Amino acid sequence: AVCYNSVINGFCEQGQMQAAMQIFQVMKDKGCQPTSSTFNTLIKGYGLSGQPLEAKQLLNEMAKQDNKKAKPNVRTYNMLLNALSRNGNLDDALNLIALMRADGVNPNVVTYNTMANAFAKKGLTSKAESVIREMQSSKLRPSEHTCGIVINGLCEEGDTERALALVQRMNLQGIPPNLVILNTLLKGYGRALQFHRVEQVLEKAKSVLQQMLEAGISADVTIYGILVKGYVRAQDPQKAESVVQDMRGQGLAPNVIIYTTIISGWCNAGRMDDALRIYTEMAEHHVAPNSRTFQTLIWGFSEAKLPNKAEEVLQLMEVQRISAK
RNA sequence: ACCCCAUAAU
């Protein structure tokens with residue numbers, strides 16, 4: 001079952017729900033009982049591909065059958081909550097809380113975080129805050145994720161002052177900001193055009209990464225992507241490239257997103273020769289560009305008043321059979 | 001480490 005679950009999960013993350021459901025069928029045909037994780041993964045998949053109704057349907061299916069290993073658990077509800085609120089149905093999402101309680105499943109920190117995030121993303125800050133208060137009154141302690149959600153909400157509103165204040169408060173309570181939180185701040189300052197602060201926060205982010213590595217916690221590609229983006233935001237593509245060197249030193253290979261981020265950095269600087277240099281570098285490392293990579297290049301060339309070059313890229317896309325949307 | 005929440009590319 002574990003093997004089937006990972007295969008299913010793979011398809012779900014690619015948005016290939018029909019394939020995922022096929023495997024699900026095969027596993028049942030072969031007499032292999034699905035577990036809660038199987039259903040959970042599928043629910044997540046439907047959420048990601050914008051099919052909340054199918055996700056709900058799966059919960060019903062779980063409730064109907066009486067395999068003890070495939071009962072809905074907290075994660076099931078959390079994922080469904082996420083799927084529903086992501087796809088616009090907040091009311092359904094809220095009803096789910098009552099449903100889960102009736103089913104004898106208690107909301108946990110993730111449940112509240114998911115709800116608070118749903119509200120915050122809709123700009124309903126006060127609702128998000130009341131969710132957090134509710135969480136505290138159920139004797140659950142807000143986690144780093146909770147803080148991240150609130151900080152993100154504040155930054156989106158342009159209130160970088162309160163966001164920073166919250167980070168400092170966490171610090172006083174012995175919770176130093178992690179890279180995600182620092183990047184959230186970076187983003188906030190970037191959009192508020194406070195570049196002097198961007199620099200400061202970047203320095204901090206680098207030292208956090210350093211500490212992580214020293215503590216034997218390995219960084220992943222995403223973490224480096226965050227740093228790369230930080231430098232691009234600080235209009236320093238040179239430094240962004242040096243981050244790539246660092247990650248190679250850790251035995252990690254940059255992905256499309258990272259290359260595209262750096263390309264966008266050079267495009268912003270009007271340095272199209274450097275943008276192209278990165279483009280060829282990624283080919284040398286066998287990382288395939290995607291439509292966003294090309295969009296970035298095209299944007300860069302038009303911005304640099306080189307429309308004929310932009311058109312060349314467009315043709316290149318056709319050769320590579322990437323649809324130009 | 002089979003599955004859940006904040007932050008990465010136009």
Side-chain angles (χ1 to χ4, degrees), chain A residues 1-10 12-13 20 27 34-45 47-48 58 70 72-83 85-86 107-118 120-121 128 131 135 142-156 163 177-188 190 201 205 220-233 240 243 254-265 267-268 278 282 289-300 302-303 324-325:
Chain A
V2 174
C3 292
Y4 281 110
N5 289 347
S6 358
V7 175
I8 292 176
N9 191 34
C12 288
E13 284 177 350
M27 102 184 254
T35 61
S36 301
S37 302
T38 318
F39 284 101
N40 292 350
T41 302
L42 287 166
I43 290 176
K44 176 181 68 169
L48 289 176
L58 280 172
N73 57 24
V74 218
R75 291 189 177 205
T76 315
Y77 286 103
N78 289 344
M79 257 173 297
L80 192 52
L81 188 62
N82 200 16
S85 51
R86 258 199 152 72
N108 63 12
V109 180
V110 176
T111 317
Y112 287 106
N113 286 347
T114 307
M115 279 201 320
N117 190 38
K121 282 271 153 65
V131 168
M135 153 163 70
S143 64
E144 274 188 77
H145 271 82
T146 318
C147 297
I149 290 165
V150 175
I151 291 168
N152 190 43
L154 290 170
C155 286
E156 302 248 299
N178 62 28
L179 284 177
V180 172
I181 288 180
L182 289 174
N183 192 54
T184 308
L185 269 182
L186 276 174
K187 192 172 155 187
V201 178
D220 63 5
V221 183
T222 308
I223 302 248
Y224 283 102
I226 289 170
L227 261 186
V228 168
K229 177 63 184 171
Y231 282 114
V232 165
R233 207 167 257 142
V243 174
N255 60 16
V256 218
I257 297 185
I258 293 195
Y259 280 116
T260 306
T261 309
I262 296 177
I263 289 176
S264 78
C267 288
N268 284 332
I278 302 297
M282 72 189 280
N290 62 20
S291 60
R292 276 170 95 161
T293 314
F294 288 115
Q295 274 169 34
T296 306
L297 279 170
I298 292 173
W299 176 85
S302 8
E303 204 65 9
K325 284 180 196 157

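Numbered from 1 within each chain, the chains take letters A, B, ... in sequence-line order. All figures in this text were calculated on a predicted structure; none of them were measured in a lab.
In this structure, CD1 in A:Ile262 is found 7.0 Å from CD1 in A:Ile258, a value given to the nearest 0.5 Å.
Counting non-hydrogen atoms under 4.0 angstrom, A:Asn108 reaches nothing in the nucleic acid. A:Asn255 comes within 4.0 angstrom of a base, heavy atoms only. Within 4.0 Å (heavy atoms only), A:Asn73 reaches no atom of the nucleic acid at all. At a threshold of 4.0 angstrom between heavy atoms, the contacts of A:Asn5 include nucleobase atoms, whether or not backbone atoms are also involved.
Atom CD1 of A:Ile226 is separated from atom P of B:rA6 by 12 Å (rounded to the nearest Å). What separates OH of A:Tyr112 from C1' of B:rA6 is a distance of 18 Å, to the nearest Å.
Residues passing the ring pair (Phe, Tyr, Trp, His ring centres under 6.0 Å) test with A:Phe39 are A:Phe24, sequence neighbours excluded. For the side-chain contact (heavy atoms from CB on, under 4.5 Å) test, residues two or more places apart in sequence or in another chain that qualify with A:Val110 are A:Asn78, A:Asn108, A:Thr114.
Residue A:Lys44 places none of its side-chain N or O atoms closer than 4.0 Å to OP1 or OP2 of B:rC2. The shortest distance between the side-chain N/O atoms of A:Asn152 and the OP1/OP2 oxygens of B:rU7 is below 4.0 Å.
If you check distances only, the side chain of A:Ser37 does reach the base of B:rC2 with a donor-acceptor pair under 3.5 Å.
No donor-acceptor pair closer than 3.5 Å links the side chain of A:Asn183 to the backbone N or O of A:Leu186.
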